[in-house]
Amino acid sequence: MVLELEKRLGRSLRAVLKEKYDLEIGTIPLETPPDLRLGEIATPIAFELARKLRKAPKIIAQEIVTALGPVPGFVRFEVAGAGYINAYLDRAAAALLVVPAGSPPASERGHALVEHTSINPNKAAHIGHLRNAILGDTFVRLLRAAGYKVDVQNYIDNTGVQVADVVVGFLHLEKKSPSEVRALIAELARKGERIDFYCWDLYARTSQWYGEGTGEEKAERKQLRLDTLHLIEHGGNDTAEIADLISTAVLRRHLETMLRLDIEYDFLPRESEILHLKFWEAAFEKLKQSGVLYFENEGKNKGCWVMTRPGAETIEGTDDDAKVIVRSNGTVTYVGKDIAYHLWKFGLLGRDFGYKRFFTYPDHECWISAESGEPNHPRFGGATAIYNVIDARQSDPQANVIQALRGMGYTDQADHYTHFSYEMVALTPRCAVDLGYDISEEDKQKSYIEVSGRKGFGVKADDLIDKLIAATRAEVDTRQTSNDSAVRQKIAEQIAIGALRYFMLKVTRNSVIAFDFKDALSFEGETGPYIQYAVVRIRNIFRKGSTTPEAALAGLAKLAEQEQKASQQASESAGLQAGAAHSAISDYLTGEANEDIWSLWLRAGRRAQILEQCIGTSEPAYLAKHAFQLAQEFANFYHRHHILTEEDPARKTFLLATAAVTLRELVGALALLGIESPEAM
RNA sequence: GGGCGAGUAGCUCAAUCGGAUAGAGCACCGGCCUUCUAAGCCGGGGGUUGUGGGUUCGAUUCCCGCCUCGCCUACCA
């Protein structure tokens with residue numbers, strides 16, 4: 001509603017500026033005034049024009065208002081302050097615009113590909129990975145709600161050093177053969193234990209082992225690590241078999257963990273297929289042809305294929321700062337493989353993966369890459385816009401990939417490549433101590449300490465989820481004495497997940513989250529459960545009142561219809577007094593005592609506006625904030641206006657409709673955040 | 001050394017493209033459960049927006065200098 005009216009006002013203002021001053025303004029700046037007494041929409045445009053027109057802003061504002069005339073949906077415009085133009089909505093009409101459920105978006109906005117999660121499959125997921133997956137999954141929901149077709153991908157680096165490290169652990173610390181590893185995986189599964197937790201410890205032990213022993217031993221172990229990596233990359237040997245067993249088993253665990261948070265994927269492209277299907281060779285040719293890559297004959301990168309870094313000044317002679325893509329021994333770096341993969345994402349590589357089914361969700365299948373796949377598979381790749389949810393530390397390599405695409409002439413694709421970057425989740429020193437980690441005096445002074453999978457330092461995702469569910473279950477048990485255990489468990493899980501997802505989403509992407517159990521386990525104030533609680537309260541009103549939100553909204557629509565009829569009749573019979581025919585709905589939304597109600601309706605009408613803001617800035621936090629504010633305004637309304645005891649039937653209808661609209665918007669906003677709305681709390 | 005990001009209330013964070021009186025939550029203090037659930041509501045104290053300049057009608061926001069912190073800066077992935 002607000003978005004529509006803003007667009008309408010913008011068009012009217014543009015027309016006035018064109019006609020009166022012969023000015024073409026691209027977009028008129030529109031903002032929300034700090035107080036409802038100053039209207040609902042405002043523009044400071046007169047300030048901008050003051051210099052150009054050599055007039056005081058206040059005078060310009062007045063001229064614009066005079067020239068504006070009536071605009072449908074608005075009751076008046078005022079000049080305020082030093083030259084603001086404040087627009088006042090027709091409140092009853094605006095509310096009636098919010099009542100109908102929004103039509104589903106035309107799914108013609110394009111084909112987006114979102115890559116998120118992408119955890120190395122060699123250990124359990126930790127809280128940093130949760131932030132990634134929750135941000136990515138939420139953004140997928142936003143894009144879909146806005147009308148994009150979205151493919152969700154989770155890139156699996158199953159042949160990298162991290163997997164190699166844990167394989168070294170199995171082979172050389174635990175002396176296990178492939179069949180023994182296979183047996184271990186089966187054994188753990190049978191006992192209901194987590195293989196990714198097992199690997200978490202083994203990975204940390206192996207990392208430590210590399211650094212122990214004599215200098216000679218260290219060198220040997222370093223070589224062992226490298227040899228293991230090469231055996232895995234090459235494939236077709238025992239080492240590679242263990243890598244495949246482990247990475248696949250751990251990957252399954254990651255999918256299970258994420259499913260607890262309602263996070264699903266469509267496709268899992270793996271590094272092994274990018275290697276074996278020779279994506280790089282195809283990309284290498286294109287990179288050479290386009291001149292993005294050149295062979296370095298001099299300097300420190302002599303003998304390598306390199307590319308100029310983004311933003312680098314063109315310099316004469318040797319560019320020692322260039323990014324190495326192919327090493328002098330002929331092997332390709334990570335960025336090189338990533339360029340090839342991204343050419344595939346945009347459908348520019350000329351090669352494709354094979355596809356196999358891997359994991360079944362209730363309503364769809366998740367596919368995984370394969371050298372030779374199944375004949376009938378969905379199509380992936382060839383997107384028009386891509387979003388890579390990757391932490392801020394990787395902005396350099398991401399920029400390199402974009403630079404390469406641009407250099408190859410794919411400027412449109414480069415422009416639609418978004419590094420959806422976010423800051424890491426770290427632990428507060430207090431939290432680290434509570435978890436039993438030994439931390440240095442230096443670290444104790446810091447406000448946060450970076451987690452490290454290599455050191456086994458961090459909070460595992462499943463541990464946190466278990467802990468959250470236990471805490472919410474204890475609380476639910478004290479409140480829901482009449483519900484049975486299964487119902488309580490379901491509620492506890494919904495609240496726990498709501499708390500966790502909201503915790504990760506309420507902070508903007510570029511701020512480091514210093515994790516603390518006290519904050520994460522909080523269910524009061526600006527939290528997911530606070531919003532869920534508002535939903536439950538509204539549902540209770542309808543339950544106690546023996547009616548439904550649908551009936552309430554229909555009731556309001558009927559009320560509006562009757563008023564319109566009455567007003568028409570009045571104008572036909574009484575002529576001049578037509579304008580004076582007053583509307584009850586309008587009365588309910590005006591006056592000092594009703595400002596909170598109007599404020600609630602106004603915010604309920606902002607969904608489309610917030611959604612566009614989130615997508616335009618790749619920032620889900622705005623929606624999280626919106627949902628909280630809506631819940632907060634409802635809580636305020638709830639305490640001031642008692643609905644079920646309202647005696648005036650028309651006003652009761654209106655108050656019920658207010659609750660119904662709020663309910664719909666809260667449930668909708670929570671769903672976009674990936675948070676369920678419980679029936680009871 | 002270079003690049004990127006950050007510094008806002010005791011703490012954790014917001015603040016739309018440069019706009020009106022810098023806002024929330026937590027913590028703290030004081031009230032409110034015979035009511036549609038107190039996971040809630042109301043009230044209160046709390047700020048030289050790191051610092052010094054500049055740009056202008058207007059700066060938390062943009063520019064320059066300085067201070068502090070984090071990350072990136074491999075022929076690792």
task: Quick one: label Ala42(A) by what it contacts on the DNA or RNA (base, sugar-phosphate, nothing), any heavy atom closer than 4.0 Å.
output: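 Base, at least one base atom sits under 4.0 Å.
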
message: Mind checking if Asn400(A) touches a base, just sugar-phosphate, or nothing, with heavy atoms under 4.0 Å?
response: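 Counting heavy atoms under 4.0 Å across all strands, no contact is made by Asn400(A).
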
message: Between the side chains of Lys518(A) and Asp516(A), is the shortest nitrogen-to-carboxylate-oxygen separation below 4.0 Å, so that they form an ion pair?
response: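 Judged by the 4.0 Å cut-off on N to carboxylate O distance, Asp516(A) and Lys518(A) do not form a salt bridge.
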
message: Check this for me, if you would: do Glu450(A) and Lys455(A) make a salt bridge, where the nitrogen-to-carboxylate-oxygen distance has to be below 4.0 angstrom?
response: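 Between Lys455(A) and Glu450(A) there is no salt bridge, as every charged N stays at least 4.0 Å from the carboxylate O atoms.
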
Can you tell me the Watson-Crick or wobble partner of [N], both distances under 3.5 angstrom?
N       : answer
rA6(B)  : rU68(B)
rC28(B) : rG44(B)
rA15(B) : none
rA20(B) : none
rU60(B) : none

Is there a side-chain contact between [X] and [Y] in this structure, where contact means two heavy atoms from C-beta onward sitting under 4.5 Å apart?
X         : Y         : answer
Ser118(A) : Asn132(A) : no
Cys304(A) : Ser328(A) : yes
Leu666(A) : Ser677(A) : no

Ignoring backbone atoms, test whether [X] places a side-chain nitrogen or oxygen under 4.0 Å from the OP1 or OP2 oxygen of [N].
X         : N       : result
Lys544(A) : rU37(B) : yes
Asn120(A) : rA77(B) : no
Gln632(A) : rG40(B) : no
Tyr334(A) : rA77(B) : no
Arg309(A) : rG3(B)  : no
Asn636(A) : rC41(B) : no

Report the nucleotide, chosen from [options], that has the shortest atom-to-atom distance to any side-chain atom of [X].
X         : options                   : result
Ser511(A) : rA20(B), rC13(B), rA77(B) : rC13(B)
His642(A) : rU35(B), rA20(B), rU37(B) : rU35(B)
Asp157(A) : rA77(B), rA24(B), rA20(B) : rA77(B)
Leu644(A) : rU37(B), rC36(B), rG40(B) : rC36(B)
Tyr638(A) : rA38(B), rA77(B), rA39(B) : rA38(B)
His639(A) : rC41(B), rA39(B), rA20(B) : rC41(B)

message: Could you walk me through whether Tyr533(A) and Tyr530(A) satisfy the ring pair (Phe, Tyr, Trp, His ring centres under 6.0 Å) test, starting with their C-alpha distance in whole Å, then the side-chain angles of each, then the deciding distance to 0.1 Å, before giving a yes or no?
response: CA-CA 5 Å; Tyr533(A) 190 65; Tyr530(A) 175 96; 7.9 Å; no

For [X] and [N], give me the distance from atom [atom1] to atom [atom2], rounded to whole Å.
X         : N       : atom1 : atom2 : answer
Arg537(A) : rG40(B) : CZ    : P     : 8 Å
Trp280(A) : rA77(B) : CH2   : C1'   : 15 Å
Leu427(A) : rU12(B) : CG    : C1'   : 16 Å
Leu505(A) : rC13(B) : CG    : P     : 15 Å
Lys300(A) : rU73(B) : NZ    : C1'   : 10 Å
Tyr448(A) : rG7(B)  : OH    : P     : 11 Å
Glu31(A)  : rC17(B) : CD    : C1'   : 10 Å
Glu423(A) : rC4(B)  : CD    : P     : 15 Å

Nearest-angstrom distance, [atom1] atom, [N] to [M]:
N       : M       : atom1 : value
rG52(B) : rA59(B) : P     : 15 Å
rC62(B) : rU55(B) : C1'   : 8 Å
rC42(B) : rG47(B) : C1'   : 24 Å
rU61(B) : rU16(B) : C1'   : 11 Å
rA24(B) : rA15(B) : P     : 14 Å
rA22(B) : rG30(B) : P     : 29 Å
rU21(B) : rC17(B) : C1'   : 22 Å
rG46(B) : rG23(B) : P     : 15 Å

- request: In sequence, state the C-alpha distance, the side-chain angles, and the governing distance for Arg543(A) and Glu679(A), and then conclude on salt bridge (charged side-chain N to carboxylate O under 4.0 Å, His left out).
  value: CA-CA 11 Å; Arg543(A) 202 170 290 136; Glu679(A) 285 298 324; 3.1 Å; yes

- prompt: Roughly how far, to the nearest 0.5 Å, is OG1 of Thr159(A) from CG of Leu275(A)?
  reply: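 That separation rounds to 4.5 Å.
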
task: Answer syn or anti for rC64(B), where the cut-off is 90° from 0 on the glycosidic torsion.
output: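 Glycosidic conformation of rC64(B): anti.
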
query: Is rC26(B) in the syn or the anti form, by the rule that syn lies within 90° of 0?
result: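 Nucleotide rC26(B) adopts anti.
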
- request: Spell out yes or no: do the side chain of Ser328(A) and the base of rC75(B) have one donor N/O and one acceptor N/O closer than 3.5 Å?
  value: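 Yes, a donor-acceptor pair under 3.5 Å.
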
- prompt: Checking only heavy atoms, does the side chain of Asn301(A) share a donor-acceptor pair with the base of rA74(B) at less than 3.5 Å?
  reply: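 Under the 3.5 Å cut-off, the side chain and the base do not form any donor-acceptor pair.
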
field: Whichever of Ala80(A) and Lys337(A) has its nearest RNA chain B nucleotide further upstream toward 5'
entry: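 The residue whose closest nucleotide sits nearer the 5' end is Ala80(A).
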
